[in-house]
Amino acid sequence: QVQLVESGGGLVQAGGSLRLSCAASGNIFSFTAMYWYRQAPGKQRELVAAITRGGNSNIVDSVKGRFTISRDITKNTMYLQMNSLKPEDTAVYYCNSDSGLLRGYWGQGTRVTVSS
């Protein structure tokens, strides 16, 4: 069973940047699509970005142009580069795989707080 651990969150001012990391316990990026989700206080979890097995990315409209998803297969790590952050980006950010989504497995996430 692959474990995913998110890191890189923190407190940042509006307009600032953060780079989130998702470290996998095994080599999985050649075998599954990967996703970044976020959940703001009092709201449902929502998809932010996805990257396919082939490395193609898909970014939701609300963060398109500001967020970039990428991966380093050799390091078993996926990233979410977040620029021009806004207070509405405040949320706990989670990474997951197809398998995790299917099974309903989620890690602890990493908290991002954007102040105005």
Side-chain angles (χ1 to χ4, degrees):
Q1 182 176 339
V2 174
Q3 303 294 316
L4 302 175
V5 179
E6 302 94 339
S7 63
L11 175 64
V12 64
Q13 291 183 318
S17 298
L18 284 174
R19 189 191 194 195
L20 307 184
S21 297
C22 173
S25 61
N27 183 8
I28 66 170
F29 297 117
S30 296
F31 305 101
T32 182
M34 298 292 294
Y35 309 87
W36 283 102
Y37 280 76
R38 68 185 181 185
Q39 186 168 25
K43 297 184 178 180
Q44 292 185 320
R45 186 181 288 113
E46 65 174 350
L47 179 67
V48 177
I51 187 165
T52 69
R53 293 168 57 191
N56 295 319
S57 65
N58 189 22
I59 312 295
V60 300
D61 288 341
S62 61
V63 302
K64 190 176 297 181
R66 300 188 296 118
F67 290 11
T68 302
I69 187 171
S70 63
R71 66 186 185 186
D72 187 334
I73 295 177
T74 65
K75 297 181 179 180
N76 296 327
T77 303
M78 180 176 67
Y79 305 97
L80 185 68
Q81 178 66 48
M82 306 186 297
N83 299 324
S84 301
L85 283 163
K86 304 175 180 179
E88 50 263 46
D89 295 319
T90 295
V92 177
Y93 285 72
Y94 303 88
C95 64
N96 217 332
S97 64
D98 285 329
S99 177
L101 291 173
L102 180 64
R103 301 175 184 180
Y105 291 171
W106 298 92
Q108 82 286 348
T110 185
R111 187 177 301 275
V112 172
T113 303
V114 184
S115 62
S116 60

Run the side-chain hydrogen bond (donor to acceptor under 3.5 Å, both in side chains) test against Ser99 and tell me which residues pass, sequence neighbours left out.
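So Ser99 forms a side-chain hydrogen bond (donor to acceptor under 3.5 Å, both in side chains) with Arg103.
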Measure the CZ-OG distance between Arg71 and Ser30 for me, rounded to the nearest 0.5 Å.
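It is 6.5 Å, given to the nearest 0.5 Å.
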Has the side chain of [X] got a donor or acceptor atom that lies under 3.5 Å from a matching backbone atom of [Y]?
X	Y	value
Ser21	Gly8	no
Gln108	Glu6	yes
Thr77	Ala23	no

Got a sec, which pairs hit disulfide bond (SG atoms under 2.5 Å apart) with one end in residues 71-116, sequence neighbours left out?
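For residues 71-116: Cys22-Cys95.
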Side-chain contact test, heavy atoms from C-beta onward, threshold under 4.5 Å: evaluate it for [X] versus [Y] and give yes or no.
X	Y	result
Val112	Met82	yes
Glu46	Val60	no
Arg38	Leu20	no
Ile28	Asn76	no

Are Val92 and Val5 in one and the same hydrophobic cluster, where Ile, Leu, Val, Met, Phe, Trp and Tyr link if side-chain heavy atoms are under 4.5 Å apart?
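No, it is not one cluster - the side chains of Val92 and Val5 are not joined through contacts under 4.5 Å.
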Determine whether Phe31 and Ile73 fall in the same hydrophobic cluster, where Ile, Leu, Val, Met, Phe, Trp and Tyr are linked whenever their side-chain heavy atoms lie under 4.5 Å apart.
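In one cluster: no.
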Quick one: ring pair (Phe, Tyr, Trp, His ring centres under 6.0 Å) partners of Tyr37, sequence neighbours excluded?
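Tyr37 satisfies ring pair (Phe, Tyr, Trp, His ring centres under 6.0 Å) with Trp106 once adjacent residues are dropped.
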Sequence neighbours excluded, which residues qualify as ring pair (Phe, Tyr, Trp, His ring centres under 6.0 Å) partners of Tyr79?
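Residues passing ring pair (Phe, Tyr, Trp, His ring centres under 6.0 Å) with Tyr79: none at all.
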Pairwise salt bridge (charged side-chain N to carboxylate O under 4.0 Å, His left out) hits with a residue in residues 73-88, at least two apart
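Matches after skipping sequence neighbours: none remain.
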Salt bridge (charged side-chain N to carboxylate O under 4.0 Å, His left out): which pairs involve residues 106-116, sequence neighbours left out?
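Of all non-adjacent pairs touching residues 106-116, none passes salt bridge (charged side-chain N to carboxylate O under 4.0 Å, His left out).
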